[in-house]
Amino acid sequence: MTEPPGELHDDVQAPDGTRLRRWDNGAAGVPVVVSNGLGASPKAWPFLHGEDCGYHATSWHHRGLGGSERPADETHIGVGDHAGDLLAVMDAAGMERAVVVGWSVGVPVAIEAARRAPERVAGLLAMGGASSGAFRVLPSPVPEGVHRGAAKTGAWLLRVVGPPVAGVISMLPRGLDAMGRAGMDAAALDPTGTTSLVTLAEVAREFAAHDWTWFSRMVLAAADHAPLDDAELAAVTVPVTVVAGDFDTLAPVADMAALAHALPNARLVHLPGSHFLPLQFPEALASELGYLAQRAGL
């Protein structure tokens with residue numbers, strides 16, 4: 001497995017003593033913490049790589065994934081635990097205050113960190129997830145209880161369908177043309193045809209290496225995180241940019257718009273993409289991050 005530019009450090013001790021593996025781009029600039037999608041790789045954020053990117057960016061591998069330890073108490077894998085990990089990652093990176101970029105399950109983690117330590121989170125860039133940890137696996141509208149039940153069923157099934165899918169992913173050729181735009185699998189993941197296939201293949205291969213039973217448990221624990229009500233979200237007053245993918249079925253536009261409406265200092269941006277916006281629109285997200293950093297006074 002190749003790593004993105006930057007360095008890995010086993011220097012994070014979570015509040016419960018769990019040791020976490022942290023990625024750091026080694027650059028100077030605006031401090032940024034990536035609250036990644038569950039099990040996702042720093043490879044998914046190409047605009048945060050390189051000494052001249054303008055950002056000091058850090059992220060971490062979630063508990064039990066990518067070289068991070070499983071917690072001694074294996075029930076400590078919920079959104080609240082990950083929010084504590086995010087703040088511990090900031091400590092290890094020497095960041096007093098930073099913009100937090102949340103993707104997918106990383107969005108409720110980022111919001112929870114902002115609620116716990118508003119003096120440390122200068123701004124939020126959120127995409128592919130709302131304040132709940134459960135994915136939207138049924139078309140809207142369905143009752144919240146039905147939606148959450150379906151999400152948990154899908155999470156449990158990962159331990160059954162994950163291994164054979166991982167086997168297929170592991171055979172993806174490493175010589176895929178970075179500019180290629182074709183193939184049934186790519187079309188299913190990216191109806192707009194804008195994702196770099198070589199990057200998608202690299203990120204997918206890292207997923208293929210996961211322990212799928214453990215990963216399923218992690219997704220189930222995230223799904224237990226109940227959505228925040230409007231009053232709770234109104235307490236998050238930092239500058240926020242919510243980016244909605246017009247073809248994202250896991251975090252539909254309506255859900256992202258509702259999140260932006262509930263946050264008092266948020267702007268909503270639409271991109272014609274799927275759930276994989278960091279891979280599809282790195283330049284647009286880089287621009288939005290720069291504008292957010294200005295709004296946050298960094």
Side-chain angles (χ1 to χ4, degrees), residues 1-14 18-69 82-104 106 109-110 113-114 117 120-127 174 178 196 198-207 209 241 276-294 296-298:
M1 181 191 304
T2 59
E3 292 293 340
E7 296 183 350
L8 292 173
H9 305 270
D10 293 319
D11 62 355
V12 181
Q13 183 170 340
T18 304
R19 289 285 179 181
L20 304 175
R21 178 162 291 177
R22 180 177 68 88
W23 171 81
D24 195 294
N25 71 350
V30 175
V32 172
V33 181
V34 176
S35 180
N36 227 339
L38 193 60
S41 165
K43 288 191 179 95
W45 304 91
F47 62 90
L48 294 176
H49 299 167
E51 295 182 355
D52 299 324
C53 68
Y55 299 97
H56 174 201
T58 190
S59 187
W60 76 101
H61 290 284
H62 296 95
R63 297 169 169 235
L65 301 174
S68 290
E69 289 182 345
H82 301 315
D85 294 346
L86 187 156
L87 297 173
V89 166
M90 288 182 65
D91 291 339
M95 297 179 179
E96 291 293 329
R97 193 164 174 260
V99 173
V100 178
V101 179
W103 178 29
S104 195
V109 172
R120 302 197 66 182
V121 177
L124 293 174
L125 178 62
M127 66 203 79
R174 296 184 179 275
S196 165
V198 67
T199 307
L200 179 59
E202 289 174 354
V203 172
R205 277 192 207 96
E206 295 207 7
F207 267 93
T241 299
F276 302 92
L277 295 178
L279 298 171
Q280 294 173 282
F281 297 100
E283 292 182 0
L285 292 179
S287 177
E288 290 298 333
L289 180 59
Y291 180 47
L292 178 62
Q294 292 179 3
L298 295 180

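Atoms considered below: every heavy atom in the structure, side chains included; atoms not considered: hydrogens, waters and symmetry mates.
Residues Ala88 and Ala14 come closest through the heavy atom pair CB-CA, 4.2 Å. Here the shortest heavy-atom pairing between Ala83 and Ala113 reads CB-N, 3.9 Å. Considering every non-hydrogen atom in both Ala44 and Leu279, the closest pair reads CA-CD2, 3.7 Å.
The side chain to side chain donor-acceptor pair (under 3.5 Å) test with Asn36 singles out one residue from Trp103, Trp60, Trp45, and that residue is Trp45. Considering Leu125, Val32, Leu86 as possible partners of Val100, the one that fulfils the side chain to side chain contact (heavy atoms under 4.5 Å, CB included) test is Leu86.
Pairs passing the salt bridge (charged side-chain N to carboxylate O under 4.0 Å, His left out) check and including a residue from residues 45-59, sequence neighbours excluded, do not occur. Counting only residues at least two apart or on different chains, the salt bridge (charged side-chain N to carboxylate O under 4.0 Å, His left out) pairs with a member in residues 86-95 are Asp91-Arg120. Sorted by first then second residue, the salt bridge (charged side-chain N to carboxylate O under 4.0 Å, His left out) pairs that include residues 56-67, not counting sequence neighbours, are Asp16-Arg63, Arg63-Asp85.
For Thr241, the side chain to side chain donor-acceptor pair (under 3.5 Å) partners two or more places apart in sequence, or in a different chain, are Arg295. Residues satisfying the side-chain contact (heavy atoms from CB on, under 4.5 Å) criterion with Ala114, sequence neighbours excluded, are Val121, Leu124, Val236. When the side-chain contact (heavy atoms from CB on, under 4.5 Å) test is applied to Ala284, the partners found at least two apart in sequence or on another chain are Leu271, Phe281. Residues satisfying the side chain to side chain donor-acceptor pair (under 3.5 Å) test with Gln13, not counting sequence neighbours, are Arg19. For Asp11, the side-chain contact (heavy atoms from CB on, under 4.5 Å) partners are His9, Arg22, Ala92, not counting sequence neighbours. Scored by the side chain to side chain donor-acceptor pair (under 3.5 Å) test, Arg97 finds no partners at all (sequence neighbours excluded). Taking the side-chain contact (heavy atoms from CB on, under 4.5 Å) definition, one finds that Ala126 meets it with Val107, sequence neighbours left out.
At least one donor-acceptor pair under 3.5 Å links the side chain of Ser59 to the backbone N or O of Val34. Judged purely by atom type and a 3.5 angstrom limit, Ser68 uses its side chain to pair as donor or acceptor with the backbone of Arg21. When atom types are taken as modelled, the side chain of Ser35 and the backbone of Val101 share no donor-acceptor pair closer than 3.5 angstrom.
Two residues are said to be in side-chain contact when any heavy atoms from C-beta on lie closer than 4.5 Å; Pro31 and Met90 fail this criterion. Between Lys43 and Pro278, every side-chain heavy-atom pair lies at or beyond the 4.5 Å cut-off. Between Phe47 and Leu289, the closest side-chain pair of non-hydrogen atoms falls below 4.5 Å.
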(Q) What verdict does the side chain to side chain contact (heavy atoms under 4.5 Å, CB included) test give for His62 and Leu20, after you've listed the backbone C-alpha separation in whole Å, the side-chain angles of each residue and the deciding distance to 0.1 Å? (A) CA-CA 7 Å; His62 296 95; Leu20 304 175; over 6 Å; no
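Note that CG of Leu65 and OG of Ser41 are 12.0 Å apart. Values are rounded to the nearest 0.5 Å. Going from atom OG1 of Thr58 over to atom CG of Leu48 covers 10.5 Å, rounded to the nearest 0.5 Å.
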